[in-house]
Each structure stands twice: as structure tokens, then as C-alpha cells.
Amino acid sequence: MSAATALSLVAGMALDEALGDPARWHPVAGFGQAAMGAERAFYRPTRAAGIAYTATCVAVPTVAATLIARRLPRAPLACAALVVALGGRTLRRTAIRMADLVAADDLDGARALASHLVSRRPEGLDGPQLARAALESLAENTADAVAGPLFWTAVAGAPGAVAYRAVNTLDAMVGYRNERYREFGWASARLDDALNWPVARLTAAATVAAAPLVGA
């Protein structure tokens, strides 16, 4: 990794920590809205339709980022793309807020907030169940919102960050094994798995390596 790339990663993390996600006009939210529109045009309950949908939704922003990277300094552009792709501060603050609500026995408030962290329906979950669901989701989302963007930005700069976030967003939208998305969402889910495979291995290795230091 070059010094410029390393600086981009550090600067991107610092800016995410300082700024967090914008309340309005977030580029990822805009991509999600565009992907919803594309789904209406592409949807058929087949893998072929899902492959075309995924390829189009990922290729358009990735090619755009690649073309921009040819004209602008790569390090600042990679930093900007990483800031957009990261979601560490927002994720952490949401988890802390939910923990505070559970600790205060405000389970209605915790259930309302749970939708920002967990995909399961929170109705009927008690305090321990809400805590477990939040912890599981926090671990998964840390890979999606922190480790993944860092890894793919380090590997491929701004196009890597953009492609990873596009795939991850599509997986969250259509990567389900229900009647509607079992076939159509297959490509998005499998591509997300492929991009996260090296991320998960490196994260696990880093956790094992750091364990003696944490316990010291």
C-alpha cells in the first residue's frame, strides 16, 4: 500500500468520525432510490433478470468513479469515496443509543430504534433479546460499513469503495431468500458474499492477532 493510499484511509476514517452520515442527501440513499427505480424496470422472478439488474446498478457508478479518477488526484478522490462508503460513527452511535434505552427499560423506544440496526421484526422482543439482536447486527454491519469500505478502497481506490458500497446496498435491498427475491436477488447476494470473503478473513485474523493485546 502506498503512503498516499494509507493517508486516504486515515483521512477518510477521521472525516467519518468527525462528520458522520448526512441527515439528508446522502449519496448512498440516492443510489438506493435509483436502484429501486431500476428494480421496477428489471424485475422478473429469474436469475438472468437479477444478474442484469446487479450488473447495471454496480457498473454505472463504478465506471463513473473510474472515469473521474482518471481526471482528478486519486488520493483525495479515494478519501471522498471512502467517507461516503463508511458508516462507522452512525452505526456506533445508534448501538450506544439502543443500549441506553434497554438499560433504562425503555423497551418501546429500543424496539423503535432497532429497525436501524436489525432486519428482524422487533415487536415482542424483550431486553436481552434486543441486546443480542443488536450485537449480532453490529458485528455484521461493522464489516459492511467499516472493514469492507476500508479494504476495497485500499485495493482499488475510489472505484473500489463505490463498487463495494453499491453491491452491499443491493444485497440489503434484494438479497433475500423470499418468494420475490430468491432468484432475482441471487446475483446481488452472491456478489456481496464474494466481496466480503477476503474482508471477513482479514478481520478475523486481525481480531486473533489483537486478542493478546486486549487481554494484556
Separation between CZ (R97) and CG (L113), nearest 0.5 Å, reads 7.5 Å

Can you sort out the partners of R47 under salt bridge (Lys or Arg N to Asp or Glu O under 4.0 Å), two or more places apart, ordered by chain and number?
-> E183

Pairs flagged by ring-ring contact (aromatic ring centres under 6.0 Å, His included) wherever residues 17-40 is involved - sequence neighbours left out | none

If you round to the nearest 0.5 Å, how far is CG of L77 from CG of L82?
-> 11.0 Å

Non-hydrogen side-chain atoms of V199 and D144 separated by less than 4.5 Å = no

Here the gap from L170 atom CG to L191 atom CG, rounded to the nearest 0.5 Å, amounts to 8.5 Å

ring-ring contact (aromatic ring centres under 6.0 Å, His included) involving Y53 - partner list, sequence neighbours excluded | F184

For T5 and S2, test the side chains for any donor-to-acceptor distance below 3.5 angstrom and give the result as yes or no.
-> yes

Electrostatic pair R190:D193 at N-O distance under 4.0 angstrom | yes

So, do V84 and R165 sit near enough that their side-chain heavy atoms are less than 4.5 Å apart?
-> no

Mind checking side-chain contact (heavy atoms from CB on, under 4.5 Å) for A156 and listing every partner two or more places apart, or none if nothing turns up?
-> none

T153 meets the side-chain hydrogen bond (donor to acceptor under 3.5 Å, both in side chains) criterion, sequence neighbours left out, with none

Answer with yes or no whether the side chains of D192 and Y164 bring together a donor and an acceptor at under 3.5 Å.
-> no

Reported CD-to-CG distance for the pair E17 and L15, which is rounded to 0.5 angstrom = 10.5 Å

Indicate yes or no for a side-chain donor-acceptor contact from R89 to the backbone of D21 under 3.5 Å, with no hydrogens or angles considered.
-> no

What distance separates L101 CG from L130 CG, expressed to the nearest 0.5 Å?
-> 10.0 Å

For Q129 and D126, indicate whether the former's side chain and the latter's backbone hold a donor-acceptor pair under 3.5 Å.
-> yes

What pair of heavy atoms forms the shortest contact from Y43 to R180, and how long is it?
-> OH-O, 2.9 Å

Apart from I51 itself, which Ile, Leu, Val, Met, Phe, Trp or Tyr residues share its cluster (side-chain heavy atoms under 4.5 Å, direct or through members)?
-> W186

Indicate if M13 and L19 have the same hydrophobic cluster label, given that clusters are the connected sets of ILVMFWY residues with side-chain heavy-atom separations under 4.5 angstrom.
-> no

